[in-house]
Amino acid sequence: MPILYEVHTLKGGNWMIDSTYSDRDKAVDTAKQLYAEKRFEGVKVIKDDYDSDANQGREIVIYDTSKPTTERRTLVKETPKAAPPTDGKAEVDFKHRKHKAGAKAEVSVFLRSVIWLLVILGAGITIIWLLFAFTDFLAGAGIMR
């Protein structure tokens, strides 16, 4: 039962066999060196175990840099999210409305816009009132007719 270790490289979305080794450590070291060169999008080592008596092969990935870090079993723990309570009805959005979080963000933007509009409108009315008051003052003082 010969065991081979294939070093595969990923470039342009295509996997290719770079080299084969009979020694696991040598194959993994080569894969690490190839990945460190940053010429490839990913590198992996596949253990190819072939049983000639049964005429069957078995491939096991023993080293892979192409998987996202969450699949590499990092120490980051994800907290499970509770499922929303359902009353037997499926949530179907026929009008393509945004979800509740998006709706809250829209309300916040709308509220800020309305407040700014009221501030600008109030400032404009105040300036007009001051101009009329000033012209009345000048007219009362005899400076303007």
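The analysis underlying the following values was restricted to heavy atoms, covering all of them including side chains, and did not include hydrogens, waters or symmetry mates.
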Next on the checklist: Could you report the tightest heavy-atom contact between Tyr35 and Gly42, atom names first, then the distance?
Outcome noted: CE1-CA, 4.1 Å
Checklist entry - Transitively linked via ILVMFWY side-chain contacts under 4.5 Å: Leu117 with Ile125? => result no
Next on the checklist: Give me the atom names and distance for the closest heavy-atom approach of Leu34 to Asp18.
Outcome noted: CD1-OD2, 3.4 Å
Checklist entry - Which heavy atom of Ala27 sits nearest a heavy atom of Val7, and at what distance? => result O-CG2, 3.6 Å
Next on the checklist: Taking Ile3 as the starting point, is it possible to reach Ile62 by hopping between hydrophobic residues whose side chains are less than 4.5 Å apart?
Outcome noted: yes
Checklist entry - Rounded to the nearest 0.5 Å, what separation is found between the CG atom of Asp136 and the CG atom of Leu131? => result 11.0 Å
Next on the checklist: Taking salt bridge (charged side-chain N to carboxylate O under 4.0 Å, His left out) as the cut-off, I'd like each qualifying pair that reaches into residues 24-37, sequence neighbours left out, listed once.
Outcome noted: Glu37-Arg39
Next on the checklist: Membership question, hydrophobic clusters at under 4.5 Å side-chain separation (ILVMFWY): are Val61 and Leu10 in the same one?
Outcome noted: no
Item to check | Heavy-atom closest contact (Trp15 atom, Lys44 atom, distance) | outcome: CZ3-CG, 3.6 Å
Checklist entry - Just by distance, do the side chain of Ser22 and the backbone of Leu4 share a donor-acceptor pair under 3.5 Å? => result no
Checklist entry - Got a second to check how far Ser66's OG is from His8's NE2, nearest 0.5 Å? => result 11.5 Å
Next on the checklist: Main chain of Ile46, side chain of Glu59: is a donor-acceptor contact present, judged purely on distance under 3.5 Å?
Outcome noted: no
Next on the checklist: Between Thr30 and Tyr21, do the side chains contain a donor N or O and an acceptor N or O under 3.5 Å apart?
Outcome noted: yes
Item to check | Pairwise distance CD(Glu6) to CD1(Ile17) - rounded to 0.5 angstrom | outcome: 4.0 Å
Checklist entry - Transitively linked via ILVMFWY side-chain contacts under 4.5 Å: Val45 with Ile60? => result yes
Next on the checklist: Nearest 0.5 Å, please: how far is CZ in Phe132 from CD1 in Ile128?
Outcome noted: 7.5 Å
